[in-house]
Undergrad: 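This is the structure I want to talk about, given as structure tokens.
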Amino acid sequence: MSDVFPVNGMDSVVFAVGNAKQAAHYYSTAFGMRLVAYKGPETGSRDEVAYVLTSGSARFELRGPVRPGTPVARHVAEHGDGVIDLALDIPDVEGAYAHAVGAGARGLVEPYTLEDERGKVVMAAIATYGETRHTLVDRSNYSGVYLPGYHEAGPLVEPPAKRFFQAVDHCVGNVELGRMDEWVEFYQRVMGFTNMAEFIGDDIATEYSALMSKVVANGTRKVKFPLNEPAVSRKKSQIDEYLEFYGGPGVQHIALATNDILRTVAAMREAGVEFLDTPDSYYDDPELRARIGQVRAPIEELRKQRILVDRDEDGYLLQIFTKPVQDRPTVFFEFIERHGSLGFGKGNFKALFEAIEREQELRGNL
Ligand code: TYF
Ligand code: FE
């Protein structure tokens with residue numbers, strides 16, 4: 001089958017934040033990321049600053065407003081800190097954009113080329129859920145640090161000897177009640193993505209999750225986009241809480257792939273990052289212990305760091321979730337260490353959603 005929308009992987013996750021200078025510090029000291037590029041008034045960007053940080057192949061761009069009335073200022077005023085762009089690394093931007101718009105995507109930026117002495121970058125952008133967009137980027141003919149207009153910048157602090165994570169594993173969107181299937185269909189039609197097996201349907205939703213979820217991925221499964229919608233249940237859904245406080249649909253969590261979750265979580269706790277708690281009963285459960293079998297670390301080590309374990313037919317995974325990382329109860333992160341499993345931790349949904357609900361309750365939003 002021919003790929004109608006070839007994708008190499010994620011290019012970057014772009015955040016709009018109220019204070020990019022301080023956010024760059026947080027992602028450097030608490031997430032161990034390296035500052036590599038900057039633009040701002042000193043470099044000719046009069047309205048906006050941007051800090052670009054990396055950890056392995058994962059790249060975050062943090063954009064902040066320098067003055068009122070700019071697009072970033074308006075976005076932050078409306079939504080708080082959040083993700084504005086899940087940028088994709090695309091080999092043929094013009095072809096991909098033409099296919100997307102032909103398939104009904106809303107074009108935001110027609111293909112254009114940016115050039116400097118380091119080469120050229122082709123970009124375009126289409127809209128997805130809420131005010132989120134996908135910029136399509138081909139930087140294969142560019143040797144600069146990020147994009148024309150950005151200056152190389154040194155790390156803010158010396159990054160950790162061993163990086164905390166090396167890639168973006170998946171990016172999750174929250175959409176309105178009853179809209180999940182439309183967005184699944186959008187990614188199928190516009191990007192040729194296909195459904196992955198793991199999903200949360202009515203059965204689990206009404207029992208304990210208060211949400212429904214389906215996962216779409218590109219052909220190579222390098223790009224994975226779970227999509228959530230609230231489920232009608234006894235309690236107020238965590239997705240409703242997000243939609244209320246974000247002011248509409250948007251990115252809920254970014255999962256970051258690590259190959260040493262124990263060390264990553266220990267170091268991040270040390271730096272003040274808050275993770276969701278998992279009760280001792282999770283680790284004492286004989287059913288869980290039987291189901292997960294042997295994993296690479298003693299269960300007592302996992303218990304100490306409150307890391308969750310799930311196993312399926314392909315292998316197992318270790319995962320943990322941060323609490324929301326800004327004032328609003330909106331965006332959070334996941335850390336995931338995969339050993340064969342291609343799933344999303346289905347076996348942990350109950351424990352995870354109970355942990356999220358405890359936080360919701362503390363916020364008075366349950
Ligand atoms: O990405 C996933 O599907 C898992 C599980 O609100 C999950 O990380 C799903 C929904 C949610 C939080 C986590
Ligand atoms: Fe996830």
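Order of listing sets the numbers, starting from 1, for every ligand and every atom in it.
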Undergrad: State, without any angle test, whether H79 and E131 hold a side-chain donor-acceptor pair at a distance under 3.5 Å.
TA: yes
Undergrad: Starting from the Fe ion (ligand 2), count all protein N, O or S atoms within a radius below 2.8 Å.
TA: 3
Undergrad: Just say parallel, tilted or perpendicular for the rings of Y150 and Y146, cut-offs at 30° and 60°.
TA: perpendicular
Undergrad: Between the main-chain N or O of N365 and the side-chain N or O of Q360, is there a donor-acceptor pair closer than 3.5 Å?
TA: yes
Undergrad: Under 3.5 Å, side chain of R269 to main-chain N/O of Q305, donor-acceptor pair present?
TA: yes
Undergrad: At a 4.0 angstrom heavy-atom cut-off, what protein residues surround ligand 1?
TA: H170, V172, L211, P226, N228, Q238, Q252, H253, F321, E334, F344, F349, L352, F353
Undergrad: With a cut-off of 6.0 Å (strictly less than), are more than 12 heavy atoms of other residues, nucleotides or ligands near CG of D280?
TA: yes
Undergrad: Is it true that the side chains of D310 and N348 contain a donor and an acceptor less than 3.5 Å apart?
TA: no
Undergrad: For the residue pair Y246 / E241, report whether a side-chain donor-acceptor contact shorter than 3.5 Å exists.
TA: no
Undergrad: Think R59 forms a cation-pi with Y51, using NZ or CZ under 6.0 Å from the six-ring centre and within 45 degrees of its axis?
TA: no
Undergrad: Could you point out which residue of Y129, F225, F186, Y97 forms a ring-ring contact (aromatic ring centres under 6.0 Å, His included) with H134?
TA: F225
